[in-house]
Amino acid sequence: MSRPAMRQDIFTDDFKTAPYWWDEVPRPTLPEIALPERVDVAIVGSGYTGLHAALQTARGGRDTLVFDAEDAGWGCSTRNGGQISVSIKPGYDELVRRHGTERGHAILKEGHESLAFMGAFVAAEAIDCDFSVCGRFHAAHSPRQYELLGQRITSQPKGLETPAEMVPRAEQRRELGTDAYFGGAVYTRHAVINPGRYHQGLLERVTAAGARVAARTPVTGIERDGDGYRVTTARGRVRARDIVIATNGYTGAITPWLRRRVIPIGSYVIATEELPDGLMDRLMPRNRIVSDTRKVVYYYRPSPDRRRILFGGRVSFSETDPRVSGPKLHAELLRLFPELAGTRVSHSWCGFVAYTFDELMHAGRHDGMYYAMGYCGAGVGMASYLGMRLGQQVLGLAEGRTAFDDLPFPTRPFYSGNPWFLAPSVLYYRWRDSWA
Ligand SMILES: Cc1cc2nc3c(=O)[nH]c(=O)nc-3n(C[C@H](O)[C@H](O)[C@H](O)COP(=O)(O)OP(=O)(O)OC[C@H]3O[C@@H](n4cnc5c(N)ncnc54)[C@H](O)[C@@H]3O)c2cc1C
C-alpha cells in the first residue's frame, strides 16, 4: 500500500502542541507552599505512581510531601492515550524461563490485578473520568500475526486466561472501518479512561487526605542523613524518613542507579478536529480502544465524546517538537482510514515513557529508597497499582508486597541514561514490522 505524502498544512487554525486532555483539565496552578523542615515521606514525581503512593501514606497517617519539577501531573500521566490492559509485555513462557514458574505466574497475575484495580479504584473513589470497560481490538498487521494471535488465545496459561475472541478479516469492519489489517482479536476486559480527569480526581483525593504537593520544585539531590534522607530542591531542603522515586521516563541525575536502568523513549499522540456526523460510527463503531501487532505499535481510540480520533505511536525516539511528529502520525492515520483525507489535526503532543532492558516494570528499594518505574509504555493501570503497593510498603503493610519486589533490574555496560542505541533499534523493528 503506498503512503500518502506527509503534509505540513494539516493543522487547524487553533492547533495546540499541548495534550487534548488539558483543554478540559488544564494543569493545576497549585499555590506555592512553604517547604516544611521535616516530613515522614517525600515523593519525587506527581504522576499516577507518586500520587497513588501518597494517597496510601497520607491516609495511613504519614506526613507526606510530593515534589514535581513542573506543574502537578505534567508528565506522562496527563499525556497518555488512556488505554488500560494487563500491561505485561513478556509472555508466560518467557517469564517462566527467566524467573521460574511461580514467579512468572505471579508477575502476570499482577498485570491482571492492576487492570481490576483500576475499575475498583475509580468506582470506590467516585472519580468521574469516563472509565469504561470498552474492550480492545488488537489488529493483526500481517496474516502470520493473525495466526499467532489465535495461538496465543487458545494456549493461555491456566488461571491467567483473558477473555478474547478472534475477528477474521472478512468481519473486521464490524470493529473498525478499515481493510488495512488482517483481522484481529477483541480483549473484552480492556478498558479506557480520560487520563486528565483521572489524574485530577486522584490529586483531589491526595490533597484531601492531607498530603502536600510542591509543584514547580525540582529535586536536585538526595543524601542519606542519619536514619532518613536530606532532600535538596531549588527552593530549599527537607528532611524525610522515607523516599519514593516516581519519575519514570523523566528519571534524572538525582538517582543515577535508576537512570542507568530505564530507557526514556518519546511517545506521540495527535487528536483530529471534530469529525462530521456519522463518520465515527463507520470508523470505530464499537467504541473500542485499538492497538496493532507491530513492534513499533500504533494505538488509538475515540475521544470520550466520540467527536475525534486520538491516534498515537512511536514515530520517533527522542523528537520533542509535536509539529514534526504530528504530520507523521497523520500520514499513518490516513493510510489506515483514507476516508479521513481532509481531516485536520487540532492537537499534537508527546511525552517520555520508560522502557527497560527486560521489558518489565520494576518496583522495590535501592539505597533504602522506594521506587516503581519502567512501565514500557503501558503504565496507566500498572503505575496506579504499583504506586498504591509502594505506599503500602512504606506503611509496612504485608499486602504491599508484589511479584516485582527485588527482581533483578538489569542495565547494560556503559549505559548511563542516554539511549544512543534507540535510533538503530527503532529502524530495525520498523523494518521487521514491514516484513512481518
Ligand atoms: C503519549 C503517551 C501515550 C501513552 N499512552 C498510554 C496508554 O494509552 N496506556 C497506558 O497504559 N500507558 C500509556 N502511556 C504511559 C503512561 O502514561 C505512563 O506509563 C504513566 O503515566 C507513568 O506514570 P508515572 O507517575 O510513573 O510517571 P509520570 O506521569 O511521567 O510522572 C513523572 C513525574 O516526575 C517528575 N520529575 C522527574 N524528575 C523530577 C525531579 N528531579 N524533581 C521533581 N519532579 C521530577 C516529572 O516532572 C513528572 O511529572 C503513554 C505515555 C505517553 C507519553
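Whatever order the structure lists ligands and atoms in, that order sets their numbers, starting from 1.
- Ion pairing between a basic and an acidic side chain is recognised when a charged N comes within 4.0 Å of a carboxylate O; Asp281 and Arg306 show such pairing.
- Close N/O approach between Gly75 and ligand 1 is found [any backbone or side-chain N/O within under 3.5 Å].
- In this structure, of Ser267, Ala53, Gly221, the residue bringing a heavy atom nearest to atom 1 (C) of ligand 1 is Ser267.
- Counting heavy atoms closer than 4.0 Å to ligand 1, residue Ala246 contributes backbone atoms (N, CA, C, O) but none from C-beta onward.
- Side-chain atoms of Glu113 and Tyr385 form a donor-acceptor pair, as typed in the model, at a separation below 3.5 Å.
- With no hydrogens or angles considered, no side-chain donor-acceptor pair links Thr17 and Trp349 at under 3.5 Å.
- Between Asp128 and Arg197, at least one side-chain N (NZ, or NE/NH1/NH2) sits under 4.0 Å from a carboxylate O, which counts as a salt bridge.
- Scanning the protein for heavy atoms near atom 9 (N) of ligand 1, the closest one is Gln83 O, 2.7 Å.
- At a 3.5 angstrom cut-off on N or O pairs, Ala69 counts as close to ligand 1.
- Distances between N or O atoms of Ser46 and those of ligand 1 include no value under 3.5 Å.
- Separation of atoms CH2 (Trp257) and CG (Asp367) is listed at 9.0 Å; rounding is to 0.5 Å.
- Rounded to the nearest 0.5 angstrom, Met118 CE and Ser85 OG are separated by 11.0 Å.
- By the criterion of a heavy-atom distance under 4.0 Å, the side chain of Val269, and not its backbone, is placed next to ligand 1.
- Ion pairing between Glu125 and Arg59 holds under the 4.0 Å rule for side-chain N and carboxylate O.
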*Which is it for Asp292 and Arg294 under the salt bridge (Lys or Arg N to Asp or Glu O under 4.0 Å) test, yes or no, and what are the steps along the way?*
CA-CA 6 Å; Asp292 65 38; Arg294 287 187 179 96; 2.9 Å; yes
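- Below 4.0 Å from some heavy atom of Gly377 lie the following atoms of ligand 1, by number and element: 6 (C), 10 (C), 12 (N), 13 (C), 14 (N), 15 (C).
- Ligand-side atoms of ligand 1 in range of Val380: 9 (N), 10 (C), 11 (O), 12 (N), range being under 4.0 angstrom from any heavy atom.
- Each of the following atoms of ligand 1 lies closer than 4.0 Å to a heavy atom of Thr49: 24 (P), 25 (O), 26 (O).
- The distance from ligand 1 to the heavy atoms of Tyr250 drops below 4.0 Å at these ligand atoms: 30 (O), 37 (C), 38 (N).
- Considering only non-hydrogen protein atoms, atom 42 (N) of ligand 1 sits nearest to Val219 N, 2.9 Å.
- Contact check on Arg98 versus Glu94 returns a salt bridge, with a Lys/Arg side-chain nitrogen under 4.0 Å from an Asp/Glu carboxylate oxygen.
- Proximity to Arg79 (heavy-atom distance under 4.0 Å) selects the following atoms of ligand 1: 1 (C), 2 (C), 3 (C).
- Using a 3.5 Å distance cut-off with no hydrogens or angles, the side chains of Gln83 and Arg136 do pair a donor with an acceptor.
- Among Asp71, Asn80, Val44, the residue whose heavy atom lies closest to atom 50 (C) of ligand 1 is Asn80.
- A heavy-atom separation below 4.0 Å is found between Ala378 and ligand 1.
- For atom 51 (C) of ligand 1, the closest non-hydrogen atom of the protein is Val353 CG1, 3.4 Å.
- Ligand 1 is never approached by Gly249 to a heavy-atom distance shorter than 4.0 Å.
- Proximity of Tyr48 to ligand 1, defined as any heavy-atom pair under 4.0 Å, is shared by backbone and side chain alike.
- Considering backbone and side-chain atoms together, Tyr375 places no N or O closer than 3.5 Å to any N or O of ligand 1.
- Here Leu160 contributes atom CG and Leu95 contributes atom CG; the two are 10.0 Å apart, rounded to the nearest 0.5 Å.
- Salt-bridge check for Asp63 with Arg212: passed, with a basic side-chain N closer than 4.0 Å to an acidic carboxylate O.
- For atom 19 (O) of ligand 1, the closest non-hydrogen atom of the protein is Gly379 CA, 3.2 Å.
- A salt bridge between Lys16 and Asp23 is present, with a side-chain N of the basic residue lying under 4.0 Å from a carboxylate O of the acidic one.
- Summarising the contacts of atom 39 (C) of ligand 1 with Thr247, Thr255, Ile84, the nearest heavy atom is found in Thr247.
- Of all atoms in ligand 1, listed by their number and element, those nearer than 4.0 Å to a heavy atom of Asn248 are 19 (O), 22 (C), 26 (O), 27 (O).
- Looking only at protein heavy atoms, the nearest one to atom 23 (O) of ligand 1 is Ser77 OG, 3.2 Å.
- In summary, the atoms of ligand 1 found under 4.0 Å from a heavy atom of Gly45, numbered by their order in the structure, are 33 (C), 34 (O), 35 (C).
- Contact atoms of ligand 1 toward Gly351: 53 (C) (distance under 4.0 Å to a heavy atom of the residue).
- Of the N and O atoms on the side chains of Ser77 and Tyr198, not one donor lies less than 3.5 Å from an acceptor on the other residue.
- The option with the heavy atom closest to atom 5 (N) of ligand 1, from among Pro218, Gly81, Gly387, Ser325, is Gly81.
- Classification of Glu175 and Arg288 as a salt-bridged pair holds, one side-chain N sitting under 4.0 Å from a carboxylate O.
- At least one N or O atom of Cys76 sits closer than 3.5 Å to an N or O atom of ligand 1.
- Nearest protein heavy-atom neighbour of atom 48 (C) of ligand 1: Asp68 OD2, 3.5 Å.
- A salt bridge links Glu32 with Arg235; the closest basic N to acidic carboxylate O contact falls under 4.0 Å.
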